[in-house]
Each structure stands twice: as C-alpha cells, then as structure tokens.
Q: 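Here you go, one structure.
Residue numbers begin at 1 in each chain, while the letters A, B, ... track the order of the sequences.
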Number of protein chains: 2
Amino acid sequence: MASQEVLLAFVQAATQGSFSAAARKLGRSQSTISAAVASLEIDLDLQLFDRSSRKPTLTPAGHVMLQKAEAILAATSRLEMSARQLAQGVEPKLTVAISDTYQSYRFEAALVDFEQRYPELELECLIAECDDLIELVQRGRAHLAFAEMQDNYPPDLVTSTVAERTEIALFVSREHALAKLEHVDQQILEQHRELRLATIVNPYDSRGKGRVWSAPSYLMLLEMAEKGFGWAPLPRWLVQRYANDLLIELDVRGWPKPVFVDALWSRLYPPGPAGSWLLSKMLE
Amino acid sequence: MASQEVLLAFVQAATQGSFSAAARKLGRSQSTISAAVASLEIDLDLQLFDRSSRKPTLTPAGHVMLQKAEAILAATSRLEMSARQLAQGVEPKLTVAISDTYQSYRFEAALVDFEQRYPELELECLIAECDDLIELVQRGRAHLAFAEMQDNYPPDLVTSTVAERTEIALFVSREHALAKLEHVDQQILEQHRELRLATIVNPYDSRGKGRVWSAPSYLMLLEMAEKGFGWAPLPRWLVQRYANDLLIELDVRGWPKPVFVDALWSRLYPPGPAGSWLLSKMLE
DNA sequence: AATAACCATCGATCAAGGCGATAGTTCATG
DNA sequence: CATGAACTATCGCCTTGATCGATGGTTATT
C-alpha cells in the first residue's frame, strides 16, 4: 500500500521536475526521494518517469497517477485540518436556526466568511417559527438562532440584538389595481386580497378579515405577489433581490415596519469556537 | 502522518462497532486494531471512540473523522484501480473524434457502459470535419473516430462500418410557408432559405444558389430552423430529441438520405483495451 | 458464580522509510 | 574534447512503526 511519504515524494518530484529539488523542498535526502519513487513504481507496476533525459519527466501514466496522488494528499490534508480544529474544541457540526422572518445580506456575508474560515465544518441551517426556535436552542439541537425580537426569553437563553434592521414593506405587482394609487389607506387595502406569512405550526386564523392567501415562506409570497394575486408584506431586501422591477411598494400608514432580530444561544450548550465566531460576525 | 493501515483499522472499527470484529474482517490481530486506533487518537489529539460502554461508539468528533478517513481511502482505491488498469496497458486517456454528422443513441449508450467499466479513465471527445478526422487518427491525436462513410481511406487506417444508419431529412418550422405543402419539389425549395452545415475549415462556398445561412453544428442549425429562418437537412434523431413538435419533415425527392458511419483507427497507433472495448461496443 | 466476549498493554519481531556515501549519467562550457 | 556541475541509482546501516501473541482487566449474559 502506497504510504503518504512515498506519495508526497512522488508528487513533489513530479511538480518540481527533479528528484533533488523535491528532496530539498521536503527536507529529505535525495536518496529517499529516489527510493520512494522507485518503490512506488514497483508497487504500482508502472513506469512513472521517463529517465532518458537529464530531467525526469512524467510518462502519460505518470500524469494520471499524479492527479490521483494529489487527490489523496488533498484528502489527508483536509482530515488533518479537521482534526486540528476539533482538537481545539471546535464543534463537529454547527447548527443554526433561522426564523422565516430573517434572511439578510449580513447573514449571507457572514456565511461567505465562515466558509473561508471553516471550510471543513459541516453546517446545518434549520428554518423554524418563533417558539420552535427557542425550543431548538434550549434543547441544544441548534447552537444559534436568529429570530424576530421578543420581549421575554427563558432564563437559560442569552440574547443579543443584531445591529441590523430589516424593513418589511407592503408590495404589489406593477399590474395590480393598487399600484396606480399614490397613497393607500387601510380600508382600500382590506378590499384586496392579502398574501400573508403563515407558519406550519401556527397557521393564520382567518377571521374573515377579507380574502387571505397564505404561504409558509416569503419567497413563495413574493411569487404570488409577482403574479398579481394580492398585496403582501415582504422584506425589502428580498424584493430588491428577486423581484426588483416587478413589484411596487405601497404607501400605507404604519408601513414600512422595522424588524429587529435577536441572536439566541443557550447557557447550557454554549456555542463552540465556530459558533462564537459566526455570532461575533453577526453582531459586529 | 496517519498511515493507510491505521485509517483502515479506524474505519473498519467504526463501521463494525467493535475492534475485534474489525480485526477479524481485516485479518489482523485484535491488538493491532487497538494500537492503531490508539495511535490515531494520539496523532490527531482527539478522542475518537467512547469506550465507557461495552461496544465502543464513535464520538461526534469521531463521526467527522470517519467521513474524512473514508474519503482518503476512497481516493487511494481510485488510485489503485487506475494503476491496475494502466499496468494492464489501458491507455491513460482515450480520445475519440466524432464527425459533426454523427451523433447517435448508440454512441451515447456506449458511453454509459464505458463510464461503468472505466470510471477513472479520462475521455476526450473531439468534433471535427471529415478530412480533419482522418488526420487526427493518422497523427495518433485521436485513438478512434466516427465519420461519415467514405470510399477510400489512407492505407494506414483501419475501418469498420457501424451497424447503424442515421437518416438525414429536411425540416422546417411548423410556422414556415413550406410546412403547408404536401409535397415540395426542388424548385420551390430553392426559393426559400437553406440552413446548411459548414465546417470551420471548409466553409460552404456560396455560389449564389439562393440565400444560405450556415452554422458549424447541427444543433445550431436546428435552432435556426425552429425560429423559422429556413429549411435544413438534419439528423432525424436530433429533431426527435430536441425539437419534436416544433419542426415538420418535408417530402422532397431524394430525401431522407441514409448516412452510414465508419469507425476509423490507425494501424500505427492501435487503440488500447479501453478503445478496443468502446469500439466493439459500437460495432456489436 | 461462571462464562464468554471484549479491550488495553507489554515485549519481541520485522518490514519500510530514512540517511550518508559512492558511483554512474547527462548536459553545458571553455 | 575534456571538465565540472548537477542529477539519479544503489549500497549498507539505523530508526520507526506496524504487527503478533500472550496476559490481564472489564462488562454483560447465563
């Protein structure tokens, strides 16, 4: 079985184009590299280098084996990176629960940085509704949660408000009747269909306030609004991103509403380094 | 550096849930597995197993490391598979050149089987025009070629006719004026724009036979025909696959034309096992 | 209480990777 | 053409680590 040392020697020799250079690079003696390559050639029953000229060059078969060898080394270095991080106490998997309400540039930007910093760490994103979010964190099922701000939290939770204010405004399709009006008051609004968020656990209780269509995610609401089915409260960033020219904001008293977001975590199951890092990115 | 033996012991122990069982499976002594796991834990500075119960179970960190270790072992087994095949003389890379004229179910089916049989082998498909195809094979740049049948070939080439007949028929868009006609004769045809294949090397020399639009691939011609720009000779299978309902076949004397396909290879650079295998699949 | 199965540890053995020294090749240069 | 510089192959020797068998401790079952 080809050992790591042998493969390293081979890869280095192949990329350097010289056994001696590879030896210098790896801090080994030249004979070690030579022996390593020779033993690899015997093990694989393949000629890897063409030694006829001054500088050994890879044979066609050697090129193929180089690719495979590099794949192995890359896999081992990933293992070692994971091991180092785990040894330092980084959590094996980070679970973040997000409210349907909360989707933001800040979070996405934080994830981009996160991917750079912890490329090997498994990430799990859960979507849940307010009370469920709290329970997920309390049970330790999620390390971190981002939820719409609330007045009271259980004592075992720690919270911190994210320095970001999403705005939720009312939108309709360009083609919709309401789109023509300069200003819209509550009564006129109630004459048209509302598109409203309803979580699965806690559905909207339709007290006949007018026709209401509901969906469990803002993206679905947005698509309904695009089709002109009614007006919908939507995060402004979502509209800018996915329906920039198709929807128009309504001017209604009390709208747009600011939404503040709290980060939650548990005192019992405090987030590890990766969770803390992500948290600090979100709070900075 | 974690050696292959140690990783194998770890993976086997983790999947078996028992060091002794892993030892039996690997044909090693129990102490070997125990020592291997212990040394891996020391090397990685991680607790991989929870030994408190009767059967050792993976820690969360152990689960992560198991994934990474399996990735390494998979990479090495791919290397070994490649090595075995190369040692048996399988070509490091298979290059197949195909005429623009020839695209078929048979070839695609052969490739599916090929992928099963030589999953690690690199495949290169070249598209070229008739004379270029022959030159590619003569030079050894391509191991195999599939080209429209021809009467004479250079003496250093071997040929065999593929038992498949592609039909090329004339098609126009449903919306095109010609689509209304039951039968079309040559004169009427010449009054409308022709969409014709022109290779890059050997462009269509437009002797004012009527307006002609040309493109270097049948797929592009097909799209032009869909748009209603004119009539085009197209392989029937291509139309069935990509424009089933949008194009209509014209009934013109002399059409559809059968196209026979020859497989070509060189006596000087005979195809290796993989090439021969693919060839036999194509000829069977 | 007895037994069976399991894991950890110890000392010995052996193969593989490592080094230094040496000899043989190849290429550029005067 | 002779020479020197840089490279690779090979030899003997040493160290490391993988492996084994034996032994003892622990856990669950009967």
Q: Is there a side-chain polar atom (N or O) of S3(A) under 4.0 Å from OP1 or OP2 of dG17(C)?
A: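 Yes.
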Q: Could you tell me the separation between the CG atom of L48(B) and the P atom of dC7(C), rounded to a whole number of Å?
A: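 Spelled out: CG on L48(B) to P on dC7(C) is 15 Å.
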Q: Give a yes or no on whether a donor-acceptor pair under 3.5 Å exists between the nucleobase atoms of dG21(D), that is its base, and the side chain of S31(B).
A: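 Yes, the side chain and the base share a sub-3.5 Å donor-acceptor pair.
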Q: If only side-chain N and O atoms of T32(B) are considered, is one of them under 4.0 Å from the OP1 or OP2 phosphate oxygen of dC20(D)?
A: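 For T32(B), the contact criterion (side-chain N or O under 4.0 Å from OP1 or OP2 of dC20(D)) is met.
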Q: When you get a sec, tell me which of dA9(D), dT19(D), dC7(C) is the closest nucleotide to the side chain of Q30(A)?
A: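 Looking only at side-chain atoms, Q30(A) lies closest to dA9(D).
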Q: Can T161(A) and D262(A) be counted as having a side-chain donor-acceptor contact under 3.5 angstrom?
A: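 Distance-only check passes for T161(A) and D262(A).
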Q: Separation of E41(A) atom CD from dT10(D) atom C1', in whole Å?
A: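 Rounding to the nearest Å, CD of E41(A) and C1' of dT10(D) are 15 Å apart.
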Q: Could you state the atom-to-atom distance from CG of L8(A) to P of dG17(C) in whole Å?
A: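 The distance from CG of L8(A) to P of dG17(C) comes to 13 Å, rounded to the nearest Å.
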Q: Just how far, in rounded Å, is P of dA8(C) from CG of L40(B)?
A: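 Value for this atom pair: 13 Å.
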Q: Quick one: the side chain of S29(A) and the base of dG20(C), do they pair up donor-acceptor inside 3.5 Å?
A: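 No, the side chain and the base share no sub-3.5 Å donor-acceptor pair.
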Q: Would you say the base of dA16(C) and the side-chain of E5(A) have a donor-acceptor pair closer than 3.5 Å?
A: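 Under the 3.5 Å cut-off, the side chain and the base do not form any donor-acceptor pair.
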Q: Using whole Å, report how far CZ of F19(B) lies from C1' of dA5(C).
A: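 To the nearest whole Å, that distance equals 14 Å.
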Q: Has the side chain of Q4(B) got a donor or acceptor atom sitting under 3.5 Å from an opposite partner on the base of dA18(D)?
A: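 Between dA18(D) and Q4(B), which were checked side chain against base, a qualifying N/O pair under 3.5 Å is absent.
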Q: Take the protein atom CZ of R28(A) and the nucleotide atom P of dG20(C), then report the distance between them rounded to whole Å.
A: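 The distance from CZ of R28(A) to P of dG20(C) comes to 12 Å, rounded to the nearest Å.
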Q: In whole Å, what is the span from the CD atom of Q47(A) to the P atom of dA9(D)?
A: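 My rounded result for the distance is 10 Å.
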Q: So, does S20(A) get its side chain near the phosphate of dT8(D), meaning an N or O under 4.0 Å from OP1 or OP2?
A: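 For S20(A), the contact criterion (side-chain N or O under 4.0 Å from OP1 or OP2 of dT8(D)) is met.
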Q: Does R24(A) make a side-chain N or O approach to OP1 or OP2 of dA6(D) shorter than 4.0 Å?
A: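 No, outside the criterion.
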Q: Given dT9(C), is OP1 or OP2 found less than 4.0 Å from the side-chain N or O atoms of S34(B)?
A: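 No.
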Q: What's G17(B) touching, base or sugar-phosphate or nothing? Going by heavy atoms closer than 4.0 Å.
A: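 Touches nothing.
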Q: May I ask you to verify if any side-chain N or O of R51(B) is less than 4.0 angstrom from the OP1 or OP2 atom of dG25(D)?
A: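 So the side chain of R51(B) is outside the cut-off, no N or O lying under 4.0 Å from OP1 or OP2 of dG25(D).
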Q: Provide, to the nearest angstrom, the distance between the CG atom belonging to D50(A) and the C1' atom belonging to dT25(C).
A: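 After rounding, the gap between these two atoms is 14 Å.
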Q: Quiz question: by atom type and distance under 3.5 Å, do the side chains of Q16(B) and S18(B) form a donor-acceptor pair?
A: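 No, S18(B) and Q16(B) have no side-chain donor paired with an acceptor closer than 3.5 Å.
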Q: Donor-acceptor pair, distance only, cut-off 3.5 Å: does the side chain of T59(A) make one with the backbone of D50(A)?
A: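 No, the answer is negative, given that no donor and acceptor are paired below the 3.5 Å cut-off.
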Q: Any side-chain heavy atom of F10(A) within less than 4.5 Å of one from F49(A)?
A: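 Side-chain contact under 4.5 Å: yes.
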Q: Treating R28(A) as the side-chain partner and A9(A) as the backbone partner, does any N or O pair qualify as donor plus acceptor under 3.5 Å?
A: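 No; zero donor-acceptor contacts below 3.5 Å.
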